[in-house]
Amino acid sequence: MKLSVKIAATIVLVVALAVSISGYVMLSSDFQNRLDQQISATVDETQLFCTALGTMTVQHPDASSQNDTIVSGLLSTSFFQNYRLSLVSGENMDGTNVRYHIVENQGDSGTVYQLVVVCRFQVAGQEFFLENCRDVTAMYQLQKQNIQTYRLVFSIAVGASLLLGLGLSAYLTGPIRKLSRSTRQIAEGNYSFRAKVDTNDEMGALADQFNHMATELEKYIVYLEESAQKQKDFTASFAHELKTPLTSIIGYADTLRSRKLPEKAQFEATNFIFSEGKRLELMSHSLLRLFALENETPDLRSISTVALMQAVEESVAYPLRERRLVLDVQVENRMVEGEGNLLAILLYNLIDNARKASAPGSKISVLGGIVPEGYCFMVKDRGRGIPKEALSRITEAFYMVDKSRSRAEGGAGLGLALCARIAQLHGTRLRYASREGHGTTVSFILKEAHK
Amino acid sequence: MTKILIVEDEKPIANLIDWNLTACGYQCSSVHDGLAAADLLQEHTYDLILLDIMLPGVDGYALLEQIKPTKTPVIFITAKGSVADRVQGLRAGADDYLVKPFEVVELIARVESVLRRSGKGQTVYSLGDVTVDMESMQVTKAGQPITLTRKEFDLLVLFLQNINIALFRESIYERVWESDFLGDSRTVDLHIQRLRKKLSWQNRLIAVYKVGYRLEGDR
């Protein structure tokens, strides 16, 4: 059974019970009171008459005659028309002087009720019974009318309570219906659906909490979907990056083993196999390093920025010289928190990227200094810059802005993914500012070591 | 002469395809990015286009839209080998789908079959006094018809497509029997022997030690 029906039924039941019990008690007690009044009045009257009759009989001038004759004579006056005298009572008087009962007779115009009061009295040792009859039909008819009126009131009350109950329960269960609709929607995958309940009661609070839960769930689901998508993208890119060199290696090897090639072509083929093999090696190396960092928490120590830069400068010196690039280092000497090897890899990669983007003869600057948030490293080149639409994707594994140029430089698209991971391990992130054709500045902020 | 355009951003792969198709007698040109390919397609017509999907500039699907009105057959060459990717490629209108890494024999076979389907391929192969008509599937030697089984016919065509190239037993098995080679080379050997006998090619279809077989062309 529906909750609203249950509520309505309960209300109707309670109202019906209350109205019927109170009505019954009221009507019956009212009737009883009036009947009692009538009875006691009649009894009093009868007793009074008995006494009067007794006295009158004794004092009757005709005292010598039979008492019963005198009494009958007295009763025959119009004053006593309701009374009947008998010598033997039809009633079992049980030793009391007064008895009464109600007689129900079928008359011509419906049932007739009569109150019969019997009173015993003695005149000069003789026992008489005086019977007084009173018509109380009107009282019963009134009661009957009252009951009819009451029935009407009862049905109106029940009908009204039914309507009220249905309305009230619909109002009360409205938020529940809305909530259940929302749960259904969410279960069907419509995660952004919310229950619109604006009552201030417990239902409103429940709806608020439900919506809060749905919001949190939605966030989590979006996060899961995003990471699943990232994983999928990574796998797809990885497969692509793996299959490309494999195609060359397999293809050239197949050609070499199947056909007699001229010496020059033979050399070319073996060279391709070698360089593509090297590319695979480089990629597996970078990937392994990236995977290793996925689960690692580096041991952060206090290191000197100048010492760090010196180590990096030594390793980049040769590739920079090859391109006739000038490295301008202005690093304030401070102690920062970090893992020396990882920071060296990070700076090396950033400088190497700057080198790849720069035209021969231009300058690459590495600046380091205190900023309000900590110690800031900045690698600045005046190279070709990064297109705006590519900026958000450059730290994705295997993403390359210009694939063919990156290939020519021996890149696998993993350098910045690695850098971003290292930055993350140091509680910071890489910030890029780039203008196409003017150059790129990459910066990150490290925590200063406490002395 | 059949002209083939290779659109592939990986130079080693483009070069590899170029070599092998040139050796089969096709005239090849290569281009390494989508924009250059689009320009070339405006100026020249080709008999077949080998198209990489992931290209810098304009991607393979966009190029395919440009190629479609010219009715030039297209083979997609891509590392994306999932069923969904193949279906997407074929639905976009490609005639065939070649998944990296591929073997040279497979490349040549697919190129031949797509060309033949579009009516531009070689329908008649001949070597010495043997002639094979691909359309009627008839083989004649010195004018006399020769009855071959289906597998023998496929085998013969495979060798005719790869004249002077040593074919490995596993490659032969994978191409003709279209399933993975499980190390049993007797099936291949048996069919080769019967083919040799029927065509009297004892001196043409020669065994290559530890490798497989090679069909010697006319010198």
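Letters A, B, ... mirror the listed sequences (proteins, then strands); counts begin at 1. Here the structure is a predicted model, which is why all the values come from computation and not from measurement.
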Is it the backbone or the side chain of D33(B) that comes under 4.5 Å from a heavy atom of chain A, or both, or neither?
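When you check distances to chain A, no heavy atom of D33(B) falls under 4.5 Å.
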If I measure from the heavy atoms of chain A, does T78(B) come under 4.5 Å with its side chain, its backbone, both, or neither?
neither
Against chain B, label A265(A) side chain, backbone, both or neither, depending on which of its atoms sit under 4.5 Å from a heavy atom there.
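Its backbone and side chain both get close to chain B.
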Proximal component of F272(A), with respect to chain B [non-hydrogen, under 4.5 Å]
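For F272(A), the contact with chain B is made by the side chain alone.
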Between [options], the one whose heavy-atom pairs under 4.5 Å with chain B are most numerous:
options                            : value
I249(A), L261(A), I250(A), D254(A) : D254(A)
P245(A), G251(A), A239(A), A236(A) : G251(A)
L246(A), T255(A), L242(A)          : T255(A)

Say you draw a straight line from CD of E10(B) to CD1 of I77(B); how long is it, rounded to the nearest 0.5 Å?
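Taking CD in E10(B) and CD1 in I77(B), the distance rounds to 12.0 Å.
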Thinking salt bridges, do E152(B) and R150(B) make one under a 4.0 Å N-O criterion?
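Judged by the 4.0 Å cut-off on N to carboxylate O distance, E152(B) and R150(B) do not form a salt bridge.
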Looking at R184(A) and E188(A), is there a salt bridge between them, counting it only when a charged N and a carboxylate O are closer than 4.0 Å?
no
Are there residues of residues 99-118 of chain B whose heavy atoms fall under 4.5 Å of chain A's heavy atoms? If so, which?
K100(B), P101(B), F102(B), E103(B), V104(B), V105(B)
Taking the ring of Y191(A) and the ring of Y220(A), is the distance between their centroids below 6.0 Å?
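No, the ring of Y220(A) stays outside the 6.0 Å limit from the ring of Y191(A), centre to centre.
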Assess whether atom CZ of R257(A) is packed by more than 12 heavy atoms of other residues, nucleotides or ligands within 6.0 Å.
yes
Exercise: do Y213(B) and D189(B) side chains pair donor with acceptor under 3.5 Å:
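Yes, a side-chain donor-acceptor pair sits under 3.5 Å.
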Without hydrogens or angle criteria, can the side chains of Y252(A) and N271(A) be said to hold a donor-acceptor pair below 3.5 Å?
no
Check step by step if salt bridge (charged side-chain N to carboxylate O under 4.0 Å, His left out) holds for K230(A) and D233(A).
CA-CA 5 Å; K230(A) 262 187 200 161; D233(A) 289 349; over 6 Å; no
Given the rule in the side chain to side chain donor-acceptor pair (under 3.5 Å) test, do Q424(A) and R421(A) qualify, once you have shown the distances and angles that lead to the verdict?
CA-CA 5 Å; Q424(A) 198 192 352; R421(A) 179 68 193 148; 3.0 Å; yes
